[in-house]
Amino acid sequence: MNVIFTTMHEQLTDLLVRFRESEGNLITLLQDTQEVFGYVPQEAVYWYANELDVPASRFFGIATFYAQFHLKPRGKNIVTACCGTACHVRGAERLVNAVKRELKLEEDQDTTEDRLITVEKLACLGTCSLAPVVIINGKMFGKATTDILTREIRSLKKEAKKDE
Amino acid sequence: MGPGGIASGGGEVLSAFETLLKQSNLSAEIKDRCSTHKVGCLGMCSMDVLVDLFIDGKKTTYQKVNAGMVQRIIDEHIIQGAPIAEWITDEEYDNFYSKQIKVVLSDCGVVDPESLASYVANGGYKATDKVLKTMSPVEVTDVMTKSGLRGRGGAGFPTGLKWETCRKVPSSQKYIICNADEGDPGAFMDRAVLEGNPHAVIEGMLIGAYAIGADKGYVYVRAEYPLAVERLSQAIKEATAKGFLGKNIMNTGFNFSIKLKLGAGAFVCGEETALIASIEGQRGMPRPKPPFPVFSGLWGKPTVINNVETLANIAYIITKGAEWYASYGTEKSKGTKVFALTGKVKNTGLIEVPMGITLREIIYDIGGGIEGGKALKAVQTGGPSGGCIPASMLDINVDYESLAKVGSIVGSGGMIVLDEDNCMVNIAKYFLAFTQLESCGKCVPCRIGTKRLLEILERITKGLGREGDIELLERLSKDIKSASLCGLGQTAPNPVLSTLNYFRDEYEAHIRDKKCPAKVCKDLLTYSILEAVCTGCGACKRACPSAAISGDKKKPHKLNADLCVRCGACFDVCKFKSVTKE
C-alpha cells in the first residue's frame, strides 16, 4: 500500500463516518467526496460500494445523472461561462468560442492537455442583469467581453509559467 | 445586494465606507444595498452599486458607486451636508420603482438577511404567533383560499386548495418541502428572496406545516446559489436557537424542524416527483401522477411542495389579510408577481408588479425601453417551458390566463427581452438544446422527441433546412406535448411552437433563402472587409484562426471567403467597424 493510497483511505473513512452520523444519502456522500477530491474518483465509488453493500452502479447512476459531478479530474483553473437565456442573447456562445480558440481547445474538449484550464458551461447563475457572465476561479466577470477574457486567460498562463 | 452588487464591487464600496468613516471619527449607520452583509437585492441591478444614505431620516440614493467615489460622498455629503447632485439616482430610477408594488420583496433591502433580530424588528414571526395561538389549521387554509394565491413556481395551482387537500389526508407523518431549485435559465427571483429575506421563507413553511399538520420540512436548494445556501442555513440555525423552529414552538406544543438539501444540478428536479426522488437520494426522475404528492410524496407520506416565492407571500397574507392581497391583480390571478427582467432592456433587474399589468408598462415604464435605440422584437416568458410574445402584442395583460392564451406562460418569472438582433430560430434552438440536455430519459417522447426537434432546428440554422421541415416540427411538437410523462416534456416544444406561430417568416428565410435575417446563425453569414474603412492595422489578420485574411500593413486587408470558418474573431477585434457580416 503506497502513501497516496493510505491518505485516500483515511479521507474516505472519514467521509463515511460523517455520512453515517448525518443520516445523509448517496447524493450528499458524493457531494462531500467531490468537495474533498475535486472530482469523484472511481476508486472511491468502488470502496464505498463495498463498505455500504450498495451496488457501484447506483453511485455511477447518480454521478452521471446530475450535472454537478465530475468523474475525471479537472484543470487547475476553472473558467465557467454562464449560458443562461439572458447571457445567450447577449452573446455567451461567442465568448465560449473565443476562450476555446485562445486555449486551442477542440469543440468537444473542455480541459487543456496540461490540465491548466478547464472551460465549462453552466445553465444559469441567476445574475442575468450582468449578462454575459463568466466566472474565472470563483471571481465573477459581469458584462464580459472577449478582450477581458483573453487578458485574464493570458495572465493565468503567464502565472503557470512563472510557477514552473 | 446579492451577486450583482458584489460583482460590481459592492464589497469594496462597503469596506471603503467603513475605513474612511473610522478615519474621520464619525459614526454613521452604514446601510449599503450592495454589501454582502447588510441588505439583500433591491432590484435595479443595472445601476449597481447602489448606496442608500440616511441622514436624519432623509434618504438619498447614489447610483453606480465605486470605492473611489466614497471619500467625496463622505466629505461633501456626510460632513458638510451637501449632496452630490450628479451622482444621485435620476428620473429613470424613480420610474423603475413607481409602477411596482412590493409584497414579497417589501422587506428585501430593508432587513438584514443575516440577522433574526432585524427580521423580528420589522414585524417578522408575528404571523406565526397569530396562526399558532389564535387560528385553527382550517382557518389558515381558508385565508389562503380567499387570498387567491396561486403557486408561483410556474403551474399556478391554488395554494389554499393544495394545503386543504393535504390537511384532509389522514397520516401520522406529513412533510412540507420548499422548492428552491430555481432552474429556469434567465430567472433569479427565488435567489433574491432567499438571499434577501430567508426568514420569510422559513415563516411561510412554518405556517404551511401547521395548516397541513407536518412536523418536518425540507428546503431543496440549488448548489449553484452558494450565498443563498449560506444565508438560509444560518437563518435556520438562528431560528432554531431562538425557538421559532424545533420543539414546542412559542409554547403552543407545535413542533417543526427544517433540513436543507442541496440540489446537484438537474433541471428536471424542479418537477415535484423528481424533486422527491432526489431528496430520497436517488436519480431525479419523475413518476406518473396520480398519486399526487399531497397523497403520497416523500417516503410515501403526504407532502406539500411550494415554491420559494409562494412561501414568502404567506406571512404577509396572514398579517394583512386575504382581502388586502386579493385587492391586487385580476379576477383569476390575484396578488403580485416577481419577474426577472433581463435581456436587451435598459433597466435590468428584479421587479414586482400586480398581476394584470400590461407588458408595455413593464418594458417601457419600468424597464426604460430597449437598449441602444433598437427595435423590440419579442419578449420571452416562462423559460424553456414558455413562449415568445411578439412586439405587436405588447398591450397584453400579464397574468396566468392571458399569457396562456397567446401560447406562453407566466412560469417562474423569467422575462427576457429580445431585440432586432436576436434570431428567433436560434432562440428556439437554444431552449431545445437546454431541454434536450436536461431530459431525464425516462420516457421516450421526451428523450427522443426533443433530440429530433433539436436536430431539425440545427439543420435549419446550418442552412440545410428542407421544405416540409416546418410541418414536421409542428407535428413532432404536438406529439411530444401530448405523450410526455412530466411537465418538462409536455412544455418543451412551446418555444418552437410559439416562434413558429409568430415568426414563421424567419424560419422560411432560413430554409428557402438560406439567410438569417438577424445575422446570428453563423453558417448563413458571409464576412467581408470594407476596404474604404479598413486602416490596415492587422488586428483581424492576427485574430483569424484560418489565415483567411491577407494584406500589407496600413493597407486595406482582404478576406478570402473560401478559407473563412465564420468564427467572427475578426468582427470582434476590429475597432473601426470595417468587418461586415451579412
Side-chain angles (χ1 to χ4, degrees), chain A residues 22-32 34-35 54 58 60-69 80 82-95 97-98 100-102 104 121-131 133 135 138-147 150, chain B residues 2-4 6-8 44-46 48 182-188 190-192 222-225 261-267 278-285 340-344 348-350 380 383-384 414 416-419 421-422 427 430-431 434 437-438 440 545 567-569 572-573:
Chain A
S22 66
E23 299 166 41
N25 57 40
L26 298 191
I27 297 178
T28 46
L29 180 59
L30 287 175
Q31 280 172 333
D32 292 343
Q34 178 153 299
E35 202 166 311
V54 170
R58 285 264 303 276
F60 286 119
I62 291 165
T64 51
F65 183 85
Y66 294 101
Q68 191 191 13
F69 298 113
T80 315
C82 176
C83 290
T85 322
C87 292
H88 176 78
V89 302
R90 286 194 184 225
E93 216 175 311
R94 231 184 49 222
L95 292 182
N97 289 341
K100 286 199 158 182
R101 238 180 4 242
E102 176 67 30
K104 302 198 168 59
K121 291 186 192 176
L122 203 129
C124 185
L125 285 163
T127 47
C128 312
S129 53
L130 294 169
V133 179
I135 293 181
K139 190 175 175 222
M140 192 183 279
F141 293 85
K143 307 207 163 155
T145 61
T146 45
D147 282 355
T150 334
Chain B
I6 295 168
S8 309
M44 197 166 176
C45 309
S46 52
D48 275 336
E182 188 171 50
D184 276 10
F188 53 95
D190 296 350
R191 157 192 207 135
R222 284 182 88 193
E224 287 92 334
Y225 287 177
K261 283 276 172 194
L262 291 197
F267 175 67
S278 186
I279 291 183
E280 289 172 352
Q282 303 162 27
R283 295 167 65 123
M285 301 233 244
L341 185 62
T342 60
K344 303 288 185 65
T348 53
L350 205 64
Q380 207 282 338
I416 295 122
V417 179
L418 309 170
D419 71 5
D421 290 341
N422 290 117
I427 296 292
Y430 165 80
F431 281 119
F434 179 82
L437 195 71
E438 294 294 344
C440 79
C567 68
D572 290 341
V573 296

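Worth knowing before you read on, the calculation uses all heavy atoms, side chains too, and leaves out hydrogens, waters and symmetry mates. Owing to the predicted nature of the structure, the values given are computational and were not obtained by experimental measurement. Within every chain, numbering begins at 1; the chains are lettered A, B, ... in the order of the sequence lines, protein sequences first and strands thereafter.
- Comparing A:N97, A:L30, A:V89, A:L122 by heavy-atom pairs within less than 4.5 Å of chain B, the highest count is held by A:V89.
- Ranked by non-hydrogen atom pairs under 4.5 Å with chain A, the options B:A264, B:A266, B:A223 are led by B:A264.
- Neither the backbone nor the side chain of B:D419 comes within less than 4.5 Å of any heavy atom in chain A.
- With a threshold of 4.5 angstrom between heavy atoms, B:Q282 approaches chain A through N, CA, C or O but not through any side-chain atom.
- In this structure, A:M140 CE and A:C82 SG are separated by 8.5 Å, a value rounded to the nearest 0.5 Å.
- Heavy atoms of A:A98 lying under 4.5 Å from chain B are absent altogether.
- A parallel orientation is assigned to the rings of B:Y430 and A:H88, their planes being inclined by less than 30° (bins at 30° and 60°).
- With sequence neighbours left out, the side chain to side chain contact (heavy atoms under 4.5 Å, CB included) criterion links A:C124 to A:C128, B:P185.
- To the nearest 0.5 angstrom, A:L125 atom CG is 7.5 Å from B:R222 atom CZ.
- Between atom CD of residue B:Q380 and atom CG of residue B:L418 there is a gap of 7.0 Å, rounded to the nearest 0.5 Å.
- For the set B:P384, B:G263, B:G568, B:S278, the entry with the most heavy-atom pairs within less than 4.5 Å of chain A is B:S278.
- B:Y225 and B:E182 share a side-chain donor-acceptor pair at under 3.5 Å.
- In terms of non-hydrogen atom pairs under 4.5 Å with chain A, the most contact-rich of B:C567, B:A340, B:G284 is B:G284.
- With sequence neighbours excluded, the residues forming a side chain to side chain contact (heavy atoms under 4.5 Å, CB included) with B:R283 are A:I62, A:T64, A:F65, B:M285, listed by chain and number.
- Within the 4.5 angstrom heavy-atom criterion, no atom of B:L437 approaches chain A.
- Contact annotation for B:F267: neither backbone nor side-chain heavy atoms come within less than 4.5 Å of a heavy atom of chain A.
- Of the atoms belonging to B:L262, heavy atoms from both backbone and side chain fall under 4.5 Å from chain A.
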